[in-house]
There are 2 protein chains.
Amino acid sequence: MPDLVYRNVMHDIKKRIRGGEFTTKKLPDERSLSESYQVSRSTIKRAMGVLVDQGIIFKKRGSGTFINPLYLKDQSAFRYEGRNLGITDSFQVNGEQPQSRLLDYRVVPASPEIQQELFLNDAEFVYRIKRLRLFDDQPVIIETGYIPIKILPALTPAVVQSSIFNYLQETQDQSVTKSFLSIRAQPSSHEDQKLLNLTEVEPVGVMEGIFFMDDGTPFEVSNMHLHYKYLKYGTFVNLDED
Amino acid sequence: MPDLVYRNVMHDIKKRIRGGEFTTKKLPDERSLSESYQVSRSTIKRAMGVLVDQGIIFKKRGSGTFINPLYLKDQSAFRYEGRNLGITDSFQVNGEQPQSRLLDYRVVPASPEIQQELFLNDAEFVYRIKRLRLFDDQPVIIETGYIPIKILPALTPAVVQSSIFNYLQETQDQSVTKSFLSIRAQPSSHEDQKLLNLTEVEPVGVMEGIFFMDDGTPFEVSNMHLHYKYLKYGTFVNLDED
DNA sequence: AAGTGGTCTAGACCACTAC
DNA sequence: TAGTGGTCTAGACCACTTA
């Protein structure tokens, strides 16, 4: 990442908060920070804005800026467990890379629904990639992904076994940072039970996602069935600005 | 809401996008918009930034700003179904107000966990409010909420039956726009099955939330068991700025 | 080379809170 | 009344894309 000023300020303030520097839970006012960091007040505001979005601080007009007490108590809650879930391919649990077993790999015509979601024409084809992901030798996710062949014409099963997102990054210098996600739950099917070692009263979490490249092109539609014990989506929700 | 310039611009651009005005999927450049709206370029950037956060447009440095094709195809995906779920109390489904059946209402000492989450001391008390929420006479959610008595010392069962958030708004001019949410799934318990009319293979969604007032004070901890057919959390995820 | 978005600045003025 | 965050401006300069 480039060396942006507001980013540096943001990280520094975060570090100072974690270091327990502001025992009153109150941050210095924006004009002082502007002075001490030798940057404009706008830049301070931008840095602070990121921390507000992350739920780490609260601003109160007229009184000042305050640290979310929970951030000091339990920083793990701020880790956005859901974030890693967003990018299925760069999944990590406790820093461990998942294994992947390829269940199916084929090229098929895009169904009307997939056409709409990936913005394809009638005659276009997609890879249909079905994988079982395992952590610690435990099967955790059944994932079915659809990717337009025109985006990755040279995709191979070998690449699919490792990381499609890395491959995209390397071959096209594009990353995937945006997605729509929806999450729900349902009883497990026979296939779910068999692949994920579930009993019939144990459910699966269903995550469906559309992933976009930096330029807005839809890159992949993905449907995931997760072992319910591994589904945990956590997020900070801010209803301002709506 | 006040009549902020960037907000007006944001809404106007959104309206123009929905109206199909930009058939090329490309928006005018920022300097032109600045000119035509007679506002500064910074204000345009701010308005556009909101739309980027909502997943409605994508910016591409050097080329321009483009509409997310999915926004035109399927605006419902952009509705953040999860948003309403965030504020359990102002829940709506198809614009319908939920009914609420009070299952339990008492004042108890805050457990260590609740103390931590609501930032309370050892000797403090909380309301423990257990409600069953129904839509269309269908039981949908079992909710157990914990609220510090010191925040709402005059709370009554009558208020609880209607809307606690409205009550907070009226009595203290505070709203609740921020929360931590976590979502998971699990098999239904006997109580779940009985109250939500589930069979034993049907699961519940579990949403846990900590809700904050505008000034950052934790207001409520809530644990919800949702009928799995009504759990659908959708959101736009942007992994920039991390 | 021209066009477009990104970053950053310096400062004016407003709105709210606390005293 | 003093202090604090919010909004908005006008403009400089940079980085990237496209031709």
Side-chain angles (χ1 to χ4, degrees), chain A residues 1-13 22 24-53 56-67 172-175 177-178 213-217 238 240-241, chain B residues 1-13 22 24-53 56-67 172-175 177-178 213-217 238 240-241:
Chain A
M1 288 287 156
D3 209 40
L4 303 180
V5 176
Y6 82 89
R7 248 183 131 63
N8 291 340
V9 172
M10 184 268 279
H11 283 124
D12 190 69
I13 292 177
F22 309 110
T24 62
K25 307 272 180 279
K26 180 171 182 175
L27 296 186
D29 72 272
E30 295 179 348
R31 288 164 179 87
S32 311
L33 288 169
S34 165
E35 174 70 20
S36 61
Y37 280 104
Q38 283 293 293
V39 299
S40 72
R41 191 178 156 213
S42 314
T43 298
I44 294 293
K45 289 184 95 65
R46 178 152 187 190
M48 307 274 265
V50 176
L51 298 180
V52 169
D53 286 343
I56 294 173
I57 60 177
F58 288 84
K59 297 180 158 199
K60 189 148 206 277
R61 190 198 195 91
S63 344
T65 301
F66 303 86
I67 301 169
Q172 317 209 4
D173 193 36
Q174 290 256 22
S175 63
T177 58
K178 296 178 168 64
M213 300 192 289
D214 298 333
D215 64 0
T217 310
N238 186 341
D240 285 346
E241 210 144 70
Chain B
M1 290 282 158
D3 209 40
L4 303 179
V5 177
Y6 82 90
R7 247 181 132 65
N8 291 340
V9 172
M10 184 270 277
H11 283 125
D12 191 68
I13 292 177
F22 311 109
T24 63
K25 307 270 180 282
K26 181 172 182 174
L27 296 186
D29 72 272
E30 295 179 348
R31 288 165 179 85
S32 311
L33 288 170
S34 165
E35 173 69 19
S36 62
Y37 280 104
Q38 284 293 294
V39 300
S40 73
R41 191 178 155 214
S42 315
T43 298
I44 295 293
K45 289 183 95 63
R46 178 152 189 190
M48 307 275 264
V50 175
L51 299 180
V52 169
D53 286 343
I56 294 173
I57 61 178
F58 288 84
K59 296 179 159 198
K60 189 148 207 276
R61 189 194 192 95
S63 346
T65 301
F66 302 86
I67 301 168
Q172 318 209 6
D173 193 34
Q174 290 257 21
S175 63
T177 58
K178 295 178 169 64
M213 299 192 289
D214 298 333
D215 64 359
T217 309
N238 186 342
D240 283 347
E241 210 145 67

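Proteins come first, then strands; the chains are lettered A, B, ... in the order of their sequence lines, and each starts at number 1. The analysis underlying the following values was restricted to heavy atoms, covering all of them including side chains, and did not include hydrogens, waters or symmetry mates. Here the structure is a predicted model, which is why all the values come from computation and not from measurement.
Annotation: side chain of Met48(A) is not in contact with side chain of Val9(A) (no heavy-atom distance under 4.5 Å). Considering only heavy atoms from C-beta on, Phe58(A) stays 4.5 Å or farther from Val52(A) through its side chain. Between Ser42(B) and Tyr6(B), every side-chain heavy-atom pair lies at or beyond the 4.5 Å cut-off.
Atom CZ in Arg31(B) sits about 11 Å away from atom C1' in dA2(C), given to the nearest Å. Regarding Ile44(B), its CD1 atom lies at a distance of 14 Å from the P atom of dT4(C), rounded to whole Å. As rounded to whole Å, 13 Å separates atom P of dT4(C) from atom NZ of Lys45(B). When the P atom of dT4(C) is taken as reference, atom CG of Leu33(B) falls 11 Å away, rounded to whole Å. Rounded to an integer number of Å, the gap from Phe66(A) CZ to dC16(C) C1' is 13 Å.
In this structure, Glu35(B) places its CD atom where only 12 or fewer heavy-atom neighbours from other residues, nucleotides or ligands lie under 6.0 Å away.
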Hey, what are the protein-to-nucleotides 17-19 of chain C N/O distances that come in under 3.5 Å?
residue: dT17(C); atom: O3'; partner: Ser63(A); partner atom: OG; Å: 3.3

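Checking side-chain atoms of Asp214(A) against main-chain N and O of Ser175(A) turns up a donor-acceptor pair under 3.5 Å. When atom types are taken as modelled, the side chain of Ser34(B) and the backbone of Val39(B) share a donor-acceptor pair closer than 3.5 angstrom. A donor-acceptor contact shorter than 3.5 Å is absent between the side chain of Lys45(B) and the backbone of Glu30(B).
For Asn8(A) and Tyr37(A), the side-chain atoms include no donor-acceptor pair closer than 3.5 Å.
Nucleotides of DNA chain D with any atom under 4.0 Å from a heavy atom of chain B span, from 5' to 3', dT7(D) to dT17(D).
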